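On a predicted model such as this, the values are computed, not experimentally measured, just so you know. By convention in this document, chain letters (A, B, ...) are assigned in the order of the sequence lines, proteins followed by strands, and residues within each chain are numbered from 1.
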There are 2 protein chains.
Amino acid sequence: MANKIAPLSAAMEDYLKAIYLVRGSAAAATTMVLAATLGVSAASVTNMIKKLAVLKLVRHAPYHGVELTPAGEKIALEIVRHHRLLEAFLHDALGLPWDEVHGEAHKLEHVLSDNLEDHIAEYLGDPSVDPHGDPIPTKAGVVVTSAQHTLAELAPGARAVIVRVGAQDPAHLRYLRELGLVPQARLVVLACAPFGGPVRVRVRTRQVALDEPLARQIWVNVARKK
Amino acid sequence: MANKIAPLSAAMEDYLKAIYLVRGSAAAATTMVLAATLGVSAASVTNMIKKLAVLKLVRHAPYHGVELTPAGEKIALEIVRHHRLLEAFLHDALGLPWDEVHGEAHKLEHVLSDNLEDHIAEYLGDPSVDPHGDPIPTKAGVVVTSAQHTLAELAPGARAVIVRVGAQDPAHLRYLRELGLVPQARLVVLACAPFGGPVRVRVRTRQVALDEPLARQIWVNVARKK
DNA sequence: ACCGAAATTTAGTCATGGCTAAATTATATA
DNA sequence: TATATAATTTAGCCATGACTAAATTTCGGT
Ligand SMILES: [Mn+2]
Ligand SMILES: [Mn+2]
Ligand SMILES: [Mn+2]
Ligand SMILES: [Mn+2]
């Protein structure tokens, strides 16, 4: 008597996750944006969106965007949890560098059973963030985000702790890792040029200059005045 | 100028692995056997075999069996290595019971990168066997098998060490685990009925009776005379 | 040597998830 | 407000890997 629960394909899961992430960044989940995010053609996106709409996982306003239904968001959150839990596991347990975990997790996330997910979560002590500082949704689907500011918004003299690094590109991640610009790192803003100029910060004993696009990917919590 | 290396699909990998395992048990890799092993129709097997033959991964004698070419065996061994390494990791690192690791590994094996494979092998200290005692092929494709006898072949009074448990069925595996009949366990044969009758053995302090089909799945090394 | 059963292959179909090219709709600009 | 451009959808195609049903081949028994 229960619902026919056809298991979703990896492709469907990737679409739902992409919609969730795009919407989470305040952008509209348009056909083009999803096509770019997923690396497929716009026609493919339209095609899949129609299937997901039939399954009541998204609401589709043709020629406008797409929204996740509660059922769709639930699944998206499961996949995001898989992904970030796997990133944490690969990084913390197996020592993969943080620029490599995303690609591996992207493949593993669709193949992770509930049972294995639980074992991994327990092994890690139920972590709340992944190696990039992205929040790991709980099993119940609760997401806790903390950072309010990016490095690009801080004034000279500000002290802050890195909470999340939004950069995805492996080369950028390796570069930031080398500079010590990782979650938990404390830093002081030395100077920042106006109108999108570079930001100069001190991390530990090192001084670093970051151009504005990169600085806007680094989310921080401002430390209380000393 | 290098070969076009089209990556194989998970389905192709499963077929190659199945052919390798069937051949390894001395049986002919016929269409029917492969269909039963893989849980697909005979027509599907014929279909895939033809594709693999085009790729020079198998040699197909129509209406007779199929054989792996050296190239096909190389890939099969990689997948078997993935599978068993993953079983060992899930069991030893994450504490999954030995009757659950097979199903998980079957999904993960196709999605394991070379890099991650190396990290897992290093984490485990390059294990030579999986939780069932099946040999893990080396990266170079070397397989070391040791057991020569099964429990069903031993005479009363024989002392032996379990090397490998060939049973696949989760219920059987749970039962054997409960009895302590796992790799490394030492046992003494107390009695064995002729003509396929049950075998009585002592493991630790417990006495156990096993019917012959199950006893033939338990591979042992006979201990030297005391 | 033949015949029938079993195994295998062939033929034709379907679902999935890509793609390109063409048609359609929305929107920004003049 | 009309129109050019951009975004989106539609239409039609392809590869993969399943399936069933029908044809074909092999092989054991007489
Ligand atoms: Mn994915
Ligand atoms: Mn991440
Ligand atoms: Mn498999
Ligand atoms: Mn095994």
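Applying side-chain contact (heavy atoms from CB on, under 4.5 Å) to A:V220 and the options A:V189, A:V163, A:L154 leaves one that passes, A:L154.
For the segment residues 72-80 of chain A, the set of residues with a heavy atom within less than 4.0 Å of an atom of DNA chain C is empty. DNA chain C lies under 4.0 Å from at least one heavy atom of each of the following residues of residues 17-37 of chain B: B:T30, B:T31, B:M32. Residues from residues 58-67 of chain B with heavy atoms under 4.0 angstrom of DNA chain C, sorted by number: B:H60, B:P62, B:Y63. Proximity of residues 41-52 of chain A to DNA chain C (heavy atom under 4.0 angstrom from any strand atom) is restricted to A:S41, A:A43, A:S44, A:M48, A:K51.
One atom, CD of A:E13, and another, P of C:dG17, lie 11 Å apart when rounded to the nearest Å. A:L55 places its CG atom 10 Å from the P atom of C:dG17, with the value rounded to the nearest Å.
Note on residues 31-51 of chain A: no pairs pass ring pair (Phe, Tyr, Trp, His ring centres under 6.0 Å), not counting sequence neighbours. Each side chain to side chain donor-acceptor pair (under 3.5 Å) pair with one or both residues in residues 43-62 of chain B, not counting sequence neighbours, appears once here: B:S41-B:S44. Pairs engaging residues 14-25 of chain A under the side chain to side chain donor-acceptor pair (under 3.5 Å) rule: A:D14-A:H110, A:K17-A:E109, A:R23-A:E67 [sequence neighbours left out]. For residues 116-151 of chain B, the pairs satisfying ring pair (Phe, Tyr, Trp, His ring centres under 6.0 Å) are B:F89-B:Y123, B:W98-B:H132, with sequence neighbours left out. Note on residues 162-173 of chain B: pairs passing side chain to side chain donor-acceptor pair (under 3.5 Å), not counting sequence neighbours, are B:D134-B:R164.
A:V165 approaches A:L181 most closely through the heavy-atom pair CG2-O, 3.9 Å. The two residues A:G133 and A:P183 have their closest heavy-atom pair at N-CG, 3.9 Å. Across all their heavy atoms, A:T31 and A:A42 have their closest contact at CG2-O, 3.5 Å. Smallest separation of non-hydrogen atoms from A:R174 and A:D99: NH1-OD2, 2.9 Å.
With hydrogens and angles ignored, the 3.5 Å screen pairs no side-chain donor or acceptor of A:H82 with any backbone N or O of A:V80. Remark: the backbone N or O of A:W219 is not paired with any side-chain donor or acceptor of A:T150 at under 3.5 angstrom.
Between chain B and DNA chain D, the heavy-atom contact criterion of under 4.0 Å yields a 5' to 3' nucleotide range of D:dT16 to D:dC27.
Under the rule for a ring pair (Phe, Tyr, Trp, His ring centres under 6.0 Å), the partners of B:H83 that lie at least two apart in sequence or sit in another chain are B:H102.
Salt bridge status for B:E78 with B:K74: present, with a side-chain N to carboxylate O gap under 4.0 Å.
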Donor-acceptor list for residues 211-218 of chain B side chains, cut-off 3.5 Å, not counting sequence neighbours:
none

